[in-house]
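Just below is one structure, and these are the notes that go with it.
All values below were derived from every heavy atom in this structure, side-chain atoms included, with hydrogens, water molecules and symmetry-related copies excluded. In what follows, every chain begins at residue 1, and chains take the letters A, B, ... in the order their sequences are listed.
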Number of protein chains: 2
Amino acid sequence: MPKSTAASHDQMYGVMADSQALSAAAVIVNRETDPRSCILNAAAHCFTNQGFAATSIDDVAHKLNATKGMIYHHFRSKNDLFFAVYRRGMEINFEAIKPFQSKKLPALIRLARIGYAHAVTMMAEQDFQRTVSQGVAMHQTGSTTAAQRETLDELIEVRDRYEAVFREAIRDMAREEKLEIDDLSISVKCFLAALNGTVFWYSPRHKNPQPEQHKIALNLITYALRGLGTELPAEALENLGEDE
Amino acid sequence: MPKSTAASHDQMYGVMADSQALSAAAVIVNRETDPRSCILNAAAHCFTNQGFAATSIDDVAHKLNATKGMIYHHFRSKNDLFFAVYRRGMEINFEAIKPFQSKKLPALIRLARIGYAHAVTMMAEQDFQRTVSQGVAMHQTGSTTAAQRETLDELIEVRDRYEAVFREAIRDMAREEKLEIDDLSISVKCFLAALNGTVFWYSPRHKNPQPEQHKIALNLITYALRGLGTELPAEALENLGEDE
DNA sequence: ATTGACAACATACTCGGTAGTATGTTCCCT
DNA sequence: AGGGAACATACTACCGAGTATGTTGTCAAT
């Protein structure tokens with residue numbers, strides 16, 4: 001029961017993490033320990049595992065060894081919870097690429113860095129990214145109520161802004177490298193698709209997943225850049241993931 | 001009510017297609033007209049729009065202007081229906097690439113052709129492909145009952161066999177072209193990810209979507225091949241989609 | 001020290017929806 | 001006339017979103 005002193009409040013959520021969550025490949029790490037963030041993490045995990053519709057509020061609560069009352073105290077509805085997870089997911093994405101957006105660098109380096117950062121984030125934050133992916137599918141297939149629609153429109157815009165960062169970097173890169181891109185839109189989509197694919201097949205295999213994720217991300221960004229018709233110089237490739 | 005003479009049986013399902021389905025971008029074309037196939041088409045559409053969990057058997061029945069009785073006469077359970085849609089989706093995929101699998105051709109041509117065929121199918125059969133995608137996600141996240149698990153394992157194997165066709169073509173191509181592929185597995189995943197991405201963003205915009213799909217598929221296959229470090233000669237590129 | 005207000009949940013409840021089963025109906029064929 | 005296929009309809013049992021009410025701890029004021 002989360003009815004405890006504030007001193008043990010944070011520890012409780014960590015200790016009480018559902019053993020199923022621990023047995024799943026993606027271990028829940030409580031970076032944030034306030035109740036709201038704990039709910040977001042738990043929800044992201046449940047939405048990932050079962051999808052939005054098949055996830056009940058009770059599922060999320062049980063993952064926290066809590067009850068519905070807790071969830072509804074913080075979020076007005078299941079939809080609001082879903083949207084909050086999506087927002088957090090996109091925040092995570094923007095945070096990941098933010099250090100590398102300086103226009104002072106050559107566009108190819110910028111693109112490689114944000115692409116690498118994106119690829120690593122896709123693997124490191126699968127629950128949030130899969131939830132974003134579900135939100136995108138929801139928007140595209142139109143299976144929303146009118147109320148949902150408005151918020152989803154807004155959330156899609158956030159994602160479009162994220163994508164625009166890549167579009168811009170690809171365009172700049174093409175100009176600097178004097179590359180001809182047949183269709184910028186489709187190229188951006190392909191680029192991101194190659195980097196996003198881990199959502200479908202990647203599962204961490206090690207306690208310390210970072211070296212593996214780094215290696216995979218290198219392969220992904222190499223493929224994605226080659227698809228555009230360019231390559232990163234070897235020494236710049238070696239620096240990816242190290243100068244942050 | 002489907003209680004009619006056999007003569008009007010097929011026409012009825014076509015005429016009675018839900019107006020919502022017609023207003024959605026993807027128009028249901030009843031290529032097969034037996035009840036079972038009609039149910040599969042309707043189900044694929046519903047699973048795509050709402051996801052498996054949020055789709056009720058009543059939804060599928062209503063899309064056919066029929067009732068649950070009809071669905072349960074043909075399929076034992078909602079799960080069985082879902083699996084049948086998945087199977088059909090994979091059948092469609094195999095059928096699409098089958099004409100191009102001859103090993104007499106150079107591997108690069110073979111790869112380009114099956115890749116192109118795959119890309120076009122992804123766009124032309126979105127409902128089935130999105131359902132397959134849901135099945136894959138279900139399998140990966142482990143959100144299944146024991147009964148589901150067994151069938152899903154089998155279905156994933158079907159998909160792995162499909163992927164193996166691409167793996168083999170890529171490997172053969174790399175050998176013939178004397179290309180060094182860093183990690184064949186990841187390269188296959190990237191290749192298919194680039195071709196599959198339309199599932200997330202493509203919606204037909206024209207009554208006759210084929211020229212547009214052809215153009216997009218050309219862009220996709222060009223990107224995907226370049227990601228591998230190769231390109232298709234221009235005249236071979238022009239022949240894609242024409243010699244079948 | 002006591003009291004009251006409020007936050008942060010926990011628990012009980014309501015109502016609508018859905019998977020699947022049971023039963024009914026009609027048509028077709030022998 | 002009888003049997004079976006192919007549904008349609010009625011029914012059962014359960015589930016889950018959200019609401020209403022209960023409980024406890026904390027804090028501030030007196």
B/Leu64 CG to D/dA6 P, straight-line distance once rounded to whole Å: 16 Å

Length of the CE-P vector between B/Met70 and D/dT9, whole Å: 14 Å

C/dC9 OP1/OP2 closer than 4.0 Å to side-chain N/O of A/His74: yes

Length of the line joining B/Ile39:CD1 and D/dA6:C1', which is rounded to integer Å: 10 Å

Contact list for residues 133-152 of chain A, test salt bridge (charged side-chain N to carboxylate O under 4.0 Å, His left out), sequence neighbours left out: A/Arg149-A/Asp153

Distance in angstrom units between B/His73 NE2 and C/dT21 C1', rounded: 16 Å

Separation of C/dA8 C1' from A/Arg36 CZ (nearest whole Å): 15 Å

Divergence of helical axes at both termini of the helix from C/dA1-D/dT30 to C/dT30-D/dA1 - five pairs an end, 10° steps: 10°

Test: B/Lys189 cationic atom under 6.0 Å from A/Phe200 six-membered ring centre, within 45° of axis: no

B/Ile71 vs A/Asp58, nearer the 5' end of DNA chain D by closest nucleotide: B/Ile71

Value in whole Å for how far the P atom of D/dC7 lies from NE2 of B/His62: 15 Å

Sequence neighbours excluded - salt bridge (charged side-chain N to carboxylate O under 4.0 Å, His left out) pairs with any residue from residues 35-57 of chain A: none

A/Asn65 CG to C/dT11 C1', straight-line distance once rounded to whole Å: 15 Å

Euclidean distance, atom CD of residue B/Gln148 to atom C1' of C/dA19 [Å, nearest integer]: 13 Å

B/Arg87 and B/Glu154 ion-paired at < 4.0 Å: yes

Qualifying residues under salt bridge (Lys or Arg N to Asp or Glu O under 4.0 Å), relative to A/Asp58, sequence neighbours excluded: none

Among D/dG16, D/dC7, C/dA10, the one nearest B/Pro35 by side-chain distance: D/dC7

Any side-chain donor near an acceptor of the partner, A/Tyr202 and A/Gln213, under 3.5 Å: yes

A/Glu125 and A/Asn93: side chain donor to acceptor below 3.5 Å: no

Option among A/Phe191, A/Tyr162, A/Phe100 that satisfies the ring-ring contact (aromatic ring centres under 6.0 Å, His included) test with A/His118: A/Tyr162

Could you list, one pair per line, each protein nitrogen or oxygen that sits under 3.5 Å from a nitrogen or oxygen of nucleotides 18-20 of chain D, together with the distance?
residue, atom, partner, partner atom, Å
D/dG18, OP2, A/Tyr72, OH, 3.1
D/dG18, OP2, A/Lys78, N, 2.8
D/dG18, N7, A/Lys68, NZ, 3.0
D/dG18, O6, A/Lys68, NZ, 2.6

Ring pair (Phe, Tyr, Trp, His ring centres under 6.0 Å) contacts in which one or both residues fall within residues 129-153 of chain A, not counting sequence neighbours: none

